[in-house]
**Student:** 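Quick one: this structure, given as structure tokens, is what I'll be asking you about.
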Amino acid sequence: MSVRVRYAPSPTGLQHIGGIRTALFNYFFAKANNGSFILRIEDTDQSRYQEEALDDLYSTLKWLKIEWDEGPVVGGPFGPYKQSQRIALYQEYANKLVQEGKAYRCYCTNERLDALREQQTKEKTKIQGYDRHCRSLTDSQRTELEKEGKEYVIRFKIPLSGKTTFTDLLMGPITRSNTDISPDPIILKSDGFPTYHLANVIDDHFMEITHIMRAQEWIPSAPLHLLLHEAFGWKIPKLCHLPMVMGSDGQKLSKRHGSTAVRDFRNEGYLAEALLNYVSLVGWSYDGEREFFTKEELKVLFSLEKISKAPGVFDYKKLQWFNGHYIRLKSDEQLMQLLLPYLIEANYISKEPTNEQLNKVRLLIPLVKERLKVLRDVVAMVGFLFEEIKEMQASSLIPKKMGPKETIEVLERSLPIISEIESCTNEEIEERLLKLSEELKLKTNGVFMPLRVALTGSLVSPPLLDSMRLLGIEKTIARIKRAITILINEVNNG
RNA sequence: GUCUCCAUCGUCUAGUGGUUAGGACAUCGGGUUUUCAUCCCGACAACGGGGGUUCAAUUCCCCCUGGAGAUGCCA
């Protein structure tokens, strides 16, 4: 039987790193085994449902170029693939369990359950959870409650003794005593919607899922799912619980660790290739040496055996490193297309860039390519070419071990040399500036640094002479003159 | 509290009953470079503790410790 796996997110928020990692592992596992990757929407919680979340799911998967073989939009033989469209099925099977005496209606109010929980916490009772009050209702009591028209939920009867064991593909055998399983969990809510457990088990069965790959946080409820499968008399899919993705403090990765939404990474200028490559390496490795993988390679090389058991910390720095690598792999033209939206957003160029603007941008691509960690960095990096420098401190113009007067001399004597930049090569200008530094008995930096700061307002910038060419001779001269003025004022005032 | 799972450099990881315990990121140093970055070279840095089993344990077993997750009419 061919492999069938699913990614089954619930549309209650933006797609995040942890979710997408699960999606990726399922996807790669399916592809590596010539199987099918199914997308299923687990929208059984009406109160937390967000329309935006669904859009985000689709756009995120599209961005990563993860296509699903069956699911919403594309359809498939086991649809519908949205749980909210399968309610009748869940109700039918929940009722079936009730009829067979494997589940029961519970009429307990939220007030009673809250009070129960509060008491249990206060008294630190051994067993936490539902007290199975309605499990032992007599027939006449039930008829009475029905007559009153009381709301009810359906609870699944967990055996009162014995234990449940399953073999996890990664973890090996895992056993849980039935008395430790949440006592008689709700499988059908009072609004007629199923809980995760019921819907999940029914769908996995009818969608003929062969392998359930999900995060380790599901281990504790796996025995319940097993019991549910057994109650229906269904075959149990193979289980594989993936290590979780943690933040730097070892806790489950969440917003307080930084961005976790894929959308945020995308906005910052992370490339899909980089994110996909890095995320695939959290909890999985190939041989411990190689770490660059394309999606296509992963679709062949991915294997369950190399998944690690221990949770992994998400390393933002390493992601950046991957991103820089993939940025440098782009051609200049490709990178330009990626960078344009950021330059437009910063108002450096117009929404419909003119040819002149495009030509200018085209020239600066090689200057920034090796410097970008994320695409958005380009804004700060080339801002000096598109807008005036807001603030310039005399102190930042003056290199270490030099005074303001010396710096003024450097700038003034550089001016005539730089004025000729349009009729000279970089090498010729460079040579003359080096000669100047010798004449003034300065280090090379003593000349280049003041010029750089005068031009860009920053100690760090793309190559100086190329920057001057891009900025244009007039602005270059004007900025150097402005710097001189600032320094003269500094001398007069201080 | 109870239950379950996990444990190699700061981080992601490779690895084996006998290895100088390997790689990558980060960090630090050096080289290239007019700065930064890239690139190259180098350094630092790990088998949580205690018992066994064994001629030999990082590796197998047990305990402890530590960490995480679950304990919802959320998924």
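Below, read A as the first sequence line, B as the second, and so on, with proteins coming before strands; counting in each chain starts at 1. Quick caveat: nothing in here was measured; it's all calculated off a predicted structure.
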**Student:** Suppose you measure atom P in B/rG66 against the same atom in B/rA75; what distance do you get, rounded to whole Å?
**Tutor:**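 Straight-line distance between the two P atoms is 34 Å.
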**Student:** Could you check whether A/Thr175 gets within reach of a base, just the sugar-phosphate, or nothing at all, counting any heavy atom under 4.0 Å?
**Tutor:**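 Result for A/Thr175 = sugar-phosphate.
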**Student:** If only side-chain N and O atoms of A/Ser308 are considered, is one of them under 4.0 Å from the OP1 or OP2 phosphate oxygen of B/rU13?
**Tutor:**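 Yes, such a contact exists.
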**Student:** Mind calculating the distance between CD (A/Gln120) and P (B/rG72) to the nearest angstrom?
**Tutor:**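 That distance rounds to 8 Å.
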**Student:** Compare the minimum distances between each of B/rG22, B/rC3, B/rA68 and the side chain of A/Met244, then state the nucleotide with the smallest one.
**Tutor:**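 The listed nucleotide nearest to A/Met244's side chain is B/rA68.
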**Student:** For a quick test of reading the model: is some side-chain N or O of A/Ser182 closer than 4.0 Å to OP1 or OP2 of B/rU71?
**Tutor:**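 Looking at the OP1 and OP2 atoms of B/rU71, neither is under 4.0 Å from any side-chain N or O of A/Ser182.
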**Student:** Measure the distance from CG on A/Asp315 to P on B/rU11 and round it to the nearest whole Å.
**Tutor:**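 Taking CG of A/Asp315 and P of B/rU11, I get 10 Å after rounding.
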**Student:** Roughly how many Å apart are B/rC60 and B/rG17, using the C1' atom of each and rounding to a whole number?
**Tutor:**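 Those two atoms are separated by 8 Å.
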**Student:** With a 4.0 Å cut-off on heavy atoms, is A/Leu459 in touch with a base, just the backbone sugar-phosphate, or nothing at all?
**Tutor:**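 Base contact - A/Leu459 has a heavy atom under 4.0 Å of at least one base atom.
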**Student:** Could you tell me which nucleotide pairs with B/rG42 by Watson-Crick or G-U wobble geometry, both distances under 3.5 Å, or answer none if nothing does?
**Tutor:**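 Base partner found: B/rC28.
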**Student:** Please determine whether a side-chain nitrogen or oxygen atom of A/Lys318 lies at a distance below 4.0 Å from atom OP1 or OP2 of B/rC12.
**Tutor:**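 So the side chain of A/Lys318 is outside the cut-off, no N or O lying under 4.0 Å from OP1 or OP2 of B/rC12.
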**Student:** Report the nucleotide, chosen from B/rU13, B/rA26, B/rC6, that has the shortest atom-to-atom distance to any side-chain atom of A/Ser285.
**Tutor:**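 Of the candidates, B/rU13 comes closest.
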**Student:** For nucleotides B/rU8 and B/rG1, find the distance between their C1' atoms and express it as a whole number of Å.
**Tutor:**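 To the nearest whole Å, 33 Å.
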**Student:** Please confirm whether any donor atom in the side chain of A/Ser190 sits under 3.5 Å from an acceptor in the base of B/rC73, or the reverse.
**Tutor:**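 When only heavy-atom distances are counted, A/Ser190 does reach the base of B/rC73 through a donor-acceptor pair under 3.5 Å.
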**Student:** Measure from CG on A/Leu239 to C1' on B/rU4 and round the result to the nearest Å.
**Tutor:**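 Atom CG in A/Leu239 sits about 14 Å away from atom C1' in B/rU4.
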**Student:** Tell me: CD of A/Gln251 to C1' of B/rG66, nearest whole Å?
**Tutor:**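 So the CD-C1' distance, A/Gln251 to B/rG66, works out to 13 Å.
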**Student:** Rounded to whole angstrom, note down the C1' distance from B/rU20 over to B/rU54.
**Tutor:**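 Per the computed distance, 24 Å lies between those C1' atoms.
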**Student:** Salt bridge check, A/Arg432 against A/Glu439: does any charged N sit closer than 4.0 Å to a carboxylate O?
**Tutor:**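 Salt bridge between A/Glu439 and A/Arg432, a charged N being under 4.0 Å from a carboxylate O: no.
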**Student:** Just call it for A/Val153: base, sugar-phosphate, or nothing, with non-hydrogen atoms closer than 4.0 Å on any strand.
**Tutor:**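 If one applies the 4.0 Å heavy-atom cut-off, A/Val153 turns out to touch a base.
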**Student:** Centroid separation under 6.0 Å, is that true for the rings of A/His257 and A/Phe314?
**Tutor:**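 Judged by ring-centre distance (under 6.0 Å), A/Phe314 and A/His257 do not meet the cut-off.
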**Student:** Tell me: CG of A/Leu281 to C1' of B/rA26, nearest whole Å?
**Tutor:**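 In whole Å, B/rA26 C1' and A/Leu281 CG are 16 Å from each other.
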**Student:** Side chain of A/Ile186 only, please: which of B/rC6, B/rU34, B/rC73 is the nearest?
**Tutor:**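 For A/Ile186, the side-chain atoms sit closest to B/rC73.
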**Student:** Heavy atoms only, 4.0 Å cut-off, all strands: where does A/Lys252 land among base, sugar-phosphate and nothing?
**Tutor:**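 Answer is sugar-phosphate: A/Lys252 comes under 4.0 Å of backbone atoms only.
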**Student:** Would you say A/Lys306 reaches B/rG15's phosphate, i.e. side-chain N/O to OP1/OP2 under 4.0 Å?
**Tutor:**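 Indeed, a polar side-chain atom of A/Lys306 lies that close.
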**Student:** When the P atoms of B/rC44 and B/rA21 are considered, how many whole Å apart are they?
**Tutor:**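 Approximately 14 Å lies between the P atom of B/rC44 and that of B/rA21.
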**Student:** Is there a side-chain contact between A/Lys189 and the phosphate of B/rA75, meaning an N or O under 4.0 Å from OP1 or OP2?
**Tutor:**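 Answer is yes, contact under 4.0 Å.
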**Student:** In this structure, how many angstroms lie between the P atom of B/rU38 and the OH atom of A/Tyr326, rounded?
**Tutor:**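 Answer to the nearest Å: 17 Å.
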**Student:** How would you label the contact of A/Leu464 with the nucleic acid (heavy atoms, under 4.0 Å): base, sugar-phosphate, or nothing?
**Tutor:**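 Counting heavy atoms under 4.0 Å across all strands, the contact made by A/Leu464 includes a base.
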**Student:** Tell me which nucleotide among B/rU4, B/rC73, B/rU34 gets nearest to the side chain of A/Glu430.
**Tutor:**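 It is B/rU34.
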**Student:** Just checking A/Ser461: base, sugar-phosphate only, or nothing, at a heavy-atom cut-off of under 4.0 Å?
**Tutor:**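 Here A/Ser461 touches the bases of the nucleic acid.
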**Student:** Could you tell me if the ring centre of A/Phe28 sits under 6.0 Å from that of A/Phe293?
**Tutor:**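 So the answer is no for these two rings.
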**Student:** Given B/rC73, B/rU35, B/rC25, identify the nucleotide with an atom nearest to the side chain of A/Val460.
**Tutor:**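 When the side chain of A/Val460 is considered, B/rU35 is the closest of B/rC73, B/rU35, B/rC25.
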**Student:** Which part of the nucleic acid does A/Pro463 contact within heavy-atom distance under 4.0 Å: base, sugar-phosphate only, or nothing?
**Tutor:**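 Touches a base.
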**Student:** Run the ring-centre check on A/Trp284 versus A/Phe25 and record whether the distance is less than 6.0 Å.
**Tutor:**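 They do not qualify: ring centres at least 6.0 Å apart.
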**Student:** Does the base of B/rU38 carry an N or O that pairs as donor and acceptor with the side chain of A/Arg371 under 3.5 Å?
**Tutor:**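 For A/Arg371, whose side chain was compared with the base of B/rU38, there is no donor-acceptor pair (under 3.5 Å).
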**Student:** Taking the minimum atom-to-atom distance to the side chain of A/Asp180, which one of B/rU34, B/rU2, B/rC6 wins?
**Tutor:**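 Nearest nucleotide to the side chain: B/rU2.
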**Student:** Closer than 4.0 Å, any side-chain N/O of A/Thr44 to the OP1 or OP2 of B/rA75?
**Tutor:**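 So the side-chain polar atoms of A/Thr44 do come within 4.0 Å of the phosphate oxygens OP1 or OP2 of B/rA75, strictly under.
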**Student:** Hey, are A/Asp315 and A/Lys318 close enough for a salt bridge, meaning a charged N less than 4.0 Å from a carboxylate O?
**Tutor:**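 Result for this pair is no, no salt bridge flagged.
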**Student:** What nucleic acid atoms does A/Asn110 come within less than 4.0 Å of, heavy atoms only: base, sugar-phosphate, or nothing?
**Tutor:**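 Contact class for A/Asn110: base.
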**Student:** To the nearest angstrom, how far is A/Gln320 atom CD from B/rC12 atom P?
**Tutor:**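 To the nearest whole Å, that distance equals 18 Å.
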**Student:** So if I take every side-chain heavy atom of A/Arg117 and compare against B/rG72, B/rC74, B/rA70, which nucleotide ends up nearest?
**Tutor:**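 Nearest listed nucleotide: B/rG72.
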**Student:** From C-beta outward on A/Arg176, which listed nucleotide comes closest to its side chain: B/rU34, B/rC6, B/rC3?
**Tutor:**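 Nearest nucleotide to the side chain: B/rC3.
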**Student:** Tell me what A/Arg328 touches on the nucleic acid: a base, only sugar-phosphate, or nothing, going by heavy atoms under 4.0 Å.
**Tutor:**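 Sugar-phosphate contact only - A/Arg328 comes under 4.0 Å of backbone atoms but never of a base.
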**Student:** Does A/Lys82 come within less than 4.0 Å of A/Asp43, counting only side-chain N to carboxylate O?
**Tutor:**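 No salt bridge links A/Lys82 with A/Asp43.
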**Student:** Using a heavy-atom cut-off of under 4.0 Å over every strand shown, decide if A/Pro223 touches base, sugar-phosphate, or nothing.
**Tutor:**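 No contact.
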**Student:** Which whole number of Å gives the distance between the P atom of B/rC64 and that of B/rG42?
**Tutor:**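 46 Å, rounded to whole Å.
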**Student:** Just N and O in the side chain of A/Lys317: are any of them under 4.0 Å from OP1 or OP2 of B/rA24?
**Tutor:**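 Negative; the distance criterion is not met.
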**Student:** Partners of A/Ile389 by side chain to side chain contact (heavy atoms under 4.5 Å, CB included), sequence neighbours excluded?
**Tutor:**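 Residues passing side chain to side chain contact (heavy atoms under 4.5 Å, CB included) with A/Ile389: A/Met392, A/Arg479, A/Arg482.
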**Student:** Taking the basic N atoms (NZ, or NE/NH1/NH2) and the acidic carboxylate oxygens, is any pair closer than 4.0 Å for A/Lys373 and A/Glu268?
**Tutor:**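 Answer for the salt bridge query: no.
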**Student:** Could you tell me whether A/Arg86 and A/Glu92 make a salt bridge, using a distance below 4.0 angstrom between a side-chain N and a carboxylate O?
**Tutor:**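 No, A/Arg86 and A/Glu92 are not salt-bridged.
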**Student:** When both hydrogen-bonding distances must be under 3.5 Å and the geometry is Watson-Crick or G-U wobble, what is B/rC5 paired with, if anything?
**Tutor:**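 Across any shown strand, B/rC5 pairs with B/rG67.
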**Student:** Between B/rA68 and B/rG31, how far is it from one P atom to the other, in whole Å?
**Tutor:**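 It comes out at 44 Å once rounded to the nearest Å.
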**Student:** How far, in whole Å, is B/rA46 from B/rA7 if one measures between their C1' atoms?
**Tutor:**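 To the nearest whole Å, 12 Å.
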**Student:** Give A/Gly324 one of three labels, base, sugar-phosphate or nothing, depending on what nucleic acid heavy atoms sit under 4.0 Å from its own.
**Tutor:**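 No contact.
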**Student:** For A/Tyr196 and B/rG72, give me the distance from atom OH to atom P, rounded to whole Å.
**Tutor:**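 Whole-Å distance recorded here is 16 Å.
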